[in-house]
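Working notes, structure below.
All of these numbers come straight from a predicted model, not from anything done at the bench.
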Amino acid sequence: MTATEASGRRFELLSEQVGALPIVNHFFHKIGLDAALASHVPVDDKRLALDPAAALGVVVRNLAVHHEPVYALSEWASSYEPSLVGLGRGDVGLLNDDRLGRCLDRLFDADRSAMLTEVVLKAVQAFGIDCSELHNDSTSVTFSGAYRSAAGQARGTKEAARITFGYNKDHRPDLRQLVWILTVSADGAVPITHRVVDGNTSDDTTHVDSWDELRRLVGRSDFLYVADSKLCSRAAMEHIDASGGRFVTVLPRSRREDGWFRDWVTRNTPAFEEAVVVAPRRRREVPDVLSTFESPLGSGEGYRIIWVHSTGKKAGDATARAARIERSERELSELVSRLAGPKCRLKTRVAAMEAAKAVLEDNGTAEFFELFVREERDKSYSTSHRGLPGPNTTFRQRRTTRFKLTWKLRAHVVKQVAASDGCWPLITNASDLSQKEILAAYRYQPHLERRHHCLKGTQSVAPVRLHSPARIEALLCCHFVALLVHALVERQIRTAMASGRAKTIALYPEERGCAAPSAARIFDVFSGLSRHRLYEHGQLVEIFEPKLDARQCSVLRLLGIPASAYKAGK
């Protein structure tokens, strides 16, 4: 309710949410987001009636604290004090899906790469983020619906990424997708760059462009680039190595060097050196000891191969293999019963052998078994007429061919495979790093996965309630900025906790401690805060500021935000 609407009554109370927006705005100011939007997004259509930069600021704020569809942003923003969402009091009503869609078009038309570079570099400078080690990975953004027209159409001089079928990491091969590629720092998993490419793009073709973009952004080439096994292609590794870069990735099982080591280890004992001991997640579990060993045979390209041995993985490999062998023997026994039955459709020795091989292939145990199929012939007799047989009864002979399946477990092969249990290889060209440092670099990779989890969970990137590929790509750019804010909030509070030697902070109900606060949890702590204005005959009488409790004051102090940020006009 506005002051004008309140003028008909003596006293009226206007309540507006504050929530976590002062925190979000603090980080927006630190990275210069509003200024970057204003300088890069064109204002070329008077029909918009709202500055596109301001409208896009509302979109990013919404993604950061509580994702609502584009068509619901007006309702969401109207519950907050307009200045907190970057609008004037008369601007909230201008937010509608058509106008916001046109603003997303303007963002697509803008030089998003230059804008994000400006924002990220300011974040790196403001928060002192170390960019000497960067981690890259991709995920799928899945779309429900036809999207038959999203085939990479051009808008002006730009072409949007194609929404199409591909290898879906959400396990939905029936749905179309885009591929989202994200790179984060090893210092707080802060997003550095993102790219959106066609949904059928293979990961192994993306690393050259990703690395080149990172080199331009950080202004150097000697950073350590860490990625999954898709980086292990000759073209990508040679490009990085020839340009003065360094990389760490996983050597795939399909590589010749992997097979060589697993055969070599059956006759030799590698001198593994303990690198790190990982504490168990649950009580009564044993720690996981990780050890490293540099292979005496480098890769075909001349790079180092570091083998890692995990005691936890060794136990898991043995258990999984035993379960697969047991399952194979059970299914082979069921096949024996089928072959002996009268309705078996496997009429030839080849068909019986193929069925047995299929069982082993499905369970991944083909190398562990030796199969034998023996042909057996049975004779049976029947009378040539109905009734009981007599002295003149003639009999007909029937021959039935059946197949007897037997097998033998190749114990020596099981023993050979078990020799490399718990082992997995890393490949790198970083000659200046020790084996322990290489392992430590790769072990940071799961922190990148948590950013993808935030994108799909907290920020609810799907379902995408848009149809224009250009607007979708612009919205994903907004998601990246929101993800950047989340990462900076988490890094700031965890760094402050470490500096103050605080192991936990009471963010959970019943004042239970939280050792690694997430941005979503921090924002929830402030979600109920509101500001109230009391009007008498339409005139402002008093402002009731939100009251911060001890927990909220503690969070603001750790984030370096003054409590005055929650006062009117701040």
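- Counting heavy atoms of neighbouring residues, nucleotides and ligands inside a 6.0 Å radius, atom CZ of R443 does not exceed 12 of them.
- Under a 4.0 Å N-O distance rule, the pair E490/R451 qualifies as a salt bridge.
- Checked against the 6.0 Å centroid threshold, F368 and W407 do not count as a close aromatic pair.
- Aromatic ring centres of F247 and H207: separated by at least 6.0 Å.
- Counting heavy atoms of neighbouring residues, nucleotides and ligands inside a 6.0 Å radius, atom CZ of R281 does not exceed 12 of them.
- Ring geometry for W180 against H194 counts as tilted: the plane angle lies between 30° and 60°, on a 0 to 90° scale.
- Atom CD of Q125 has 12 or fewer heavy atoms from other residues, nucleotides or ligands within 6.0 Å.
- Closest non-hydrogen pair, I427 versus L251, comes out as CD1-CD1, 4.1 Å.
- When the options V525, V555, I522 are evaluated for a side-chain contact (heavy atoms from CB on, under 4.5 Å) with I505, the one that passes is V555.
- Nearest approach of C514 to M497, heavy atoms of both residues: O-CE, 3.8 Å.
- Between W76 and H66, the distance from one ring center to the other does not fall under 6.0 angstrom.
- A salt bridge does not link D241 with R246: none of the charged nitrogens is closer than 4.0 Å to a carboxylate oxygen.
- Crowding of E285 atom CD: a count of heavy atoms from other residues, nucleotides or ligands under 6.0 Å exceeding 12.
- Between H479 and H67, the ring center distance clears the sub-6.0 Å criterion.
- Using a 4.0 Å cut-off between charged side-chain N and carboxylate O, D174 and R172 make a salt bridge.
- Here D228 does not pair with K230 in a salt bridge; the nearest charged N to carboxylate O distance is not below 4.0 Å.
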- Task: Carefully, step by step, assess W211 and F223 under the rule ring pair (Phe, Tyr, Trp, His ring centres under 6.0 Å).
- Result: CA-CA 10 Å; W211 188 86; F223 57 87; 5.8 Å; yes
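- We find that R304 and E294 are joined by a salt bridge, their nearest charged nitrogen and carboxylate oxygen being less than 4.0 Å apart.
- Note that K408 lies outside the cation-pi zone of F369, set by a 6.0 Å cut-off to the ring centre and a 45° limit from the axis.
- Checked by atom type and distance alone, the side chain of R195 pairs as donor or acceptor with a backbone atom of T206 at under 3.5 Å.
- If you check the side chains of T164 and D198, you find no donor sitting under 3.5 Å from an acceptor.
- With respect to the salt-bridge test (charged N to carboxylate O, under 4.0 angstrom), the residues R321 and D317 do not qualify.
- Counted by atom type alone, N136 and T183 present one or more donor-acceptor pairs between their side chains at under 3.5 Å.
- Results of the side chain to side chain donor-acceptor pair (under 3.5 Å) test with T139 over K456, H452, K169 single out K456 as the only residue that passes.
- Classification of R255 and E301 as a salt-bridged pair holds, one side-chain N sitting under 4.0 Å from a carboxylate O.
- A salt bridge between E473 and R112 is present, with a side-chain N of the basic residue lying under 4.0 Å from a carboxylate O of the acidic one.
- Residues F165 and F143 keep their aromatic ring centres 6.0 Å or farther apart.
- With hydrogens and angles left out, the side-chain atoms of N363 and T365 include no donor and acceptor closer than 3.5 Å.
- Salt-bridge check for D421 with K314: failed, with every basic side-chain N at 4.0 Å or more from each acidic carboxylate O.
- You'll find the ring centres of F272 and F293 inside the 6.0 Å limit.
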